[in-house]
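Below is one structure; the comments refer to it alone.
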Amino acid sequence: MPPVILVKNLKKYYQVNQKEPGFWGSVKSLFYRKYYEVKAVDNISFEIDEGELVGFIGPNGAGKTTTLKVLSGLLYSTSGQVSVLGFEPFKRQTAFQKQFTLIMGQKNQLWWDLPAWESFILNKEIYEIDDGQFKKVIKQLSEMLEIEDILKIQVRKLSLGQRMKCELVAALLHSPRVLFLDEPTIGLDVVAQKNMRDFIREYNKMFNATIILTSHYMGDVQQLTKRVIIIDQGKIIYDGLLKNIVEKFSSHKVIKVDFESEVEKKQLESIGQVKEFTRLHAVIDVPYNETAKRSGRLLNKFHVADLTIEDPQIEDIIRQVFSSGV
Amino acid sequence: MISKYWAVFKISWEQGLVYRLNFTLWRVRSVLQLLLVYFIWWTVFQSQTQVFGYTQSSILTYIMVAALIRAVILSSRAIDIAGHINEGSVVNFLVKPLGFVRYYFSRDLADKLLNISFVLVEIILLITILKPPIIYQQDPLILLLFVMSASLGLLLYFAIAFIIGMLAFWVESAWGPLFLVTIILEGFGGGLFPIDILPRILTDTLLLTPFPYLIYFPSRIYLGTLPPAEIIKGFIILSFWILVSLLLILKILDAGLKRYTAYGN
């Protein structure tokens, strides 16, 4: 079976107008404009199969959203080949549009002044969903998201978390096979974030939907995706299992320890690199293959109240990837 | 297929009813404007019976009909497209199987229907209170031509506003140009006075531009005093401008979408 999403040597360059600061700069820019080129996406290639849930990671301006927009047919590519479900997205054919959805955490499609229900009805007509299917999907999704009781309330009166849930329903009414989720958890509190993650995971499993997810929260990526594509300055710097990159960069483990009596920082330096220290509590990095030995020494030399050994935070690993490359 | 745009129409109508205060104030503004123009002309006719070839009753009729036409034509949501482009929510329509122009036209019609139903009530009220000597046109042919010209004018204004709205693909705000057009419309479009009271040469020149066909032309047809030759000429020029503006819409939309590089990253 051919991949659902195929991207080959995709480039997207923008011309950006450069204006000098201040009043005279504005006047000057009326007559003469300097342009410079931004390589938002610079020669990337990847393939995604049916049912895969892939995480797109990268700092702001790395090219994540640009890529999603090209895949959705919102942007023309500068060069390269793009195919989603066998369609060329920028042609924006109806048959294609009925099979994918784009959800942007920072943009909304619901009609702000009306209950979400009205927007659902509108989408039902736009996507030409028949009554039976419409009822079935609404029931299914609103049960999963627990929003049956808020569908008739004006959208502007909902909380951000409730609104995002309704946005999801609106975007999924037509049962798309491909989902592009751009920062779906942005601004949500911890509980709402977790609900959103659970939903995405469940949806992926239930419908075997192909999903690309971008997020600033490593938690989203870590809990949802096996495969990640790390992108920086328009280039892909890693494409593979999240697990592998974590292992590769986990050259150390993190020991967190509480002491029964106060200790000196100096005493701990023979154990490993002390990252945090408060006399009764310390966080120490130790080399990966000496974890057992070093923690044994710690237990012998000090009165330890509690001790845990952890893998390094995924944020740290990604930071390391960006600073040193893969 | 049509049910899509019917749904757009319905939801726009509901949306319009949400902002009742806003809408009411908009209508109050229209009524005040109508009263102002009405009384200016009423005063002019206190000392004479005919001005610029118009009798009191024909000019007051003109003012009333122009108010009705204005509510039909100028209540347009087409300019919303500018905001949608600038804030990036145009993305919502572009990813859906939805005709761009048809979408906005449906919203436009909903807004017009809302305004028409109000302006009819207002005009009936004003006529009852002020009892102006207005002309009730009864010739079915003239009424038919009146409805036709008003419908074409509606299309033309939608096209003009849509084109201006699409400027947002290139510039950050399209309100400036629209504001200018609104001013031109009120003056040269015949919103305040019938333009044929201007010097002949000016009137003839204006009649070659699209503007008089939005308010002046249909209102003037209603009065029933326009010679058939001028009616025919008017319809030809009006059709020409509609054709030009529809072609421009397609061209500009195509170019705009090509150039569109949604904000933010």
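To find a chain, count down the sequence lines: A is the first, B the second, and so on, and within it residues start at 1.
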Go through the atoms of [X] and report whether side chain, backbone, both or neither lie under 4.5 Å from a heavy atom of chain B.
X	answer
A/Leu102	side chain
A/Asn108	backbone
A/Phe96	neither

- For B/Asn115, side chain to side chain donor-acceptor pair (under 3.5 Å) partners two or more places apart: B/Trp26, B/Arg27
- Item | Residues that A/Asn204 engages under side chain to side chain donor-acceptor pair (under 3.5 Å), provided they are two or more places apart | none
- Task: Using a strict cut-off of less than 4.0 Å between a Lys/Arg side-chain nitrogen and an Asp/Glu carboxylate oxygen, indicate whether A/Lys64 and A/Asp182 qualify as a salt bridge.
- Result: no
Ring centroids only, cut at 6.0 angstrom: are [X] and [Y] within range, meaning strictly under it?
X	Y	value
B/Phe100	B/Tyr104	yes
B/Phe158	B/Phe105	yes
B/Phe188	B/Phe211	no

- Message: Which atoms of B/Phe93 are under 4.5 Å from chain A, going by heavy atoms: the side chain, the backbone, both sets, or neither?
- Response: neither
- Using non-hydrogen atoms only, which part of B/Val18 is less than 4.5 Å away from chain A: side chain, backbone, both, or neither? side chain
- Note on the structure: Assert top hit (heavy-atom pairs under 4.5 Å, partner chain B, pool A/Arg92, A/Gln97, A/Gln154) equals A/Gln97
- Message: Can you tell me which of B/Ala7, B/Pro97, B/Ser89 forms the most heavy-atom pairs within a distance under 4.5 Å of chain A?
- Response: B/Pro97
